[in-house]
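Note that these values count all heavy atoms, side chains included, but never hydrogens, waters or copies made by symmetry. It should be emphasised that the depicted structure is a prediction, and the values quoted were computed from it without experimental measurement.
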Amino acid sequence: MPELPEVETVVRDLRPLLVGRTIRHVTVGSRKLRHAWDSAWDAALSGAKVRAIRRRGKWILVDLANGSTLLLHLGMTGQLTVHAAKDEVADHTHLRFALDRGKDELRFRDIRRFGSATLFATQAELDAFLNARLGPEPFGLDPAYFRDLLKTTRSLKALLLDQTALAGVGNIYADEACFLAGVHPGRAANTMTHGESETLRAAIETVLTNAIEGRGSTIRNYVGGSGLKGSYQNRFNVYGRTGQPCPTCGGVIQVTTLAGRSSHFCATCQPPPRRSKNSTRVAGRPTADRGRKKG
DNA sequence: CAAGCACCCTGTATGC
DNA sequence: TGCATACAGGGTGCTT
């Protein structure tokens, strides 16, 4: 599911519902997420007051008054919402954090279980973990820094999806930003002019800002921290619009595979690079995960 | 260094 | 209806 705008929406929704409240106890499901839950964290969390909730890239950080931080990632299908404890517990709910006197609880639901929940005892450990994985946030970037990022033979798509280059951009918003900037996602990054670099940098900000304003995009499972869906999927120009007309020129939106991901573009507004990586996908063409034998 | 693939999972859509 | 296959917003690790 969730890229930066969706995670930001979850955090904004949860902030008034969580900050200042105390986690009373944790209920852990039988099936593990990406990593197993450490039972020692139960004791560390019980009685811990929530000091703040924030976002870094696609990660959610719940800072506790005792100095520890609960770090969550929603993977592809994660949902983090506050419910009344008496509400029916949906299937695939893996963690429940009882709040205050137990009338309400924070629930982590994740169908595919690509998400994760981990407790970091100190800020130093948390920072080390995140700094090893994440580049800067994509807002207010120094144009010169962004130009430096482009000094690579990698495709724009691969670069934008690389969380160590730039934190928070995923498959949807990479495609939408490239469209807005008028550049093909398969372009080698080092073929971008200074002008194009600045246009793309600004396009990323614009797309993410507008998506946050629309509470993110709901394709399948995504809901915000309040349970409300997003609306930005109604404003997609290219993502998921294969075969439909380009909003700008009326040409047909194409799809190809770049960096192992479906990549959507308008061949007129975003001229493909001259050689390689511009062929449209043919039925049956292999992609990651396809043709693998089931375990 | 970069690209490609496999893998972690489940649900849904589609074709036969 | 049933079955097989392909695909999905992400991150990680291995091989080419």
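Among the nucleotides C/dT12, B/dT10, C/dG11, the one closest to the side chain of A/H73 is C/dG11. When distances run from any side-chain atom of A/R112 to the nucleotides C/dG9, B/dT10, B/dA3, the shortest one goes to B/dT10. For A/R261, counting side-chain heavy atoms from C-beta on, the closest listed nucleotide (C/dG10, C/dT12, B/dA3) is C/dG10. Distances from the side chain of A/Y222 to the nucleotides C/dT12, C/dG9, C/dA8 place C/dG9 closest.
Following rounding to the nearest Å, A/R133 (CZ) and C/dG13 (P) show an atom-to-atom distance of 7 Å. With rounding to whole Å, A/K229 atom NZ is found 15 Å from C/dG9 atom C1'. Look at CD on A/Q163: it is 15 Å from P on C/dG13, rounded to the nearest Å. In this entry the distance linking CD1 of A/I172 with C1' of C/dG9 reads 5 Å, nearest Å. B/dT10 atom P lies 5 Å from atom CZ of A/R113, rounded to whole Å. One can place OH of A/Y239 at 8 Å from P of C/dG10, the figure rounded to the nearest angstrom. Rounded to an integer number of Å, the gap from A/H94 NE2 to B/dC9 C1' is 9 Å. Atom CD1 of A/I60 is separated from atom P of C/dG10 by 14 Å (rounded to the nearest Å).
A/R34 has its side chain out of reach of A/H73: every pair of non-hydrogen atoms, C-beta onward, lies at least 4.5 Å apart. Using a 4.5 Å cut-off on side-chain heavy atoms (C-beta onward), A/L95 and A/L33 make contact.
The residue A/T164 sits apart from the nucleic acid: no heavy atom pair falls under 4.0 Å. Nucleic acid contact class of A/I111 (heavy atoms, under 4.0 Å, all strands): sugar-phosphate only.
Where A/K151 and A/H92 meet DNA chain B, the nucleotide closest to each residue was compared, and A/K151 sits on the side nearer the 5' end. With the nearest nucleotide of DNA chain B identified for both A/R220 and A/T152, A/T152 has the one nearer the 5' end.
Taking atom P in both C/dT1 and B/dT10, one finds a spacing of 24 Å when rounded to whole Å. Here, B/dC8 and C/dC3 have their C1' atoms 24 Å apart, quoted to the whole Å. Taking the P atoms as reference points, B/dC1 lies 24 Å from C/dG10, given to the whole Å.
For the pair A/R133 and A/F129, the cation-pi criterion (under 6.0 Å, within 45° of the ring axis) is fulfilled.
Atom CZ of A/R96 and atom CZ of A/R107 lie 5.5 Å apart (nearest 0.5 Å).
Within the structure, every side-chain polar atom (N or O) of A/K58 is placed at least 4.0 Å from both OP1 and OP2 of C/dG9. For the pair A/S262 and C/dA8, the criterion of a side-chain N or O lying under 4.0 Å from OP1 or OP2 is met.
Under the 4.5 Å side-chain heavy-atom criterion for Ile, Leu, Val, Met, Phe, Trp and Tyr, A/F139 and A/I204 are members of the same hydrophobic cluster.
Residues A/H184 and A/F265 bring their aromatic ring centres within 6.0 Å.
Pairing partner, B/dC9: none, since no Watson-Crick or wobble contact has both distances short of 3.5 Å. In this structure C/dG9 sits in no base pair that meets the Watson-Crick or G-U test at under 3.5 Å.
Remark: ring of A/F114 not stacked against base of C/dG11; the cut-offs of centroid gap under 5.5 Å and plane tilt under 30° are not jointly satisfied.
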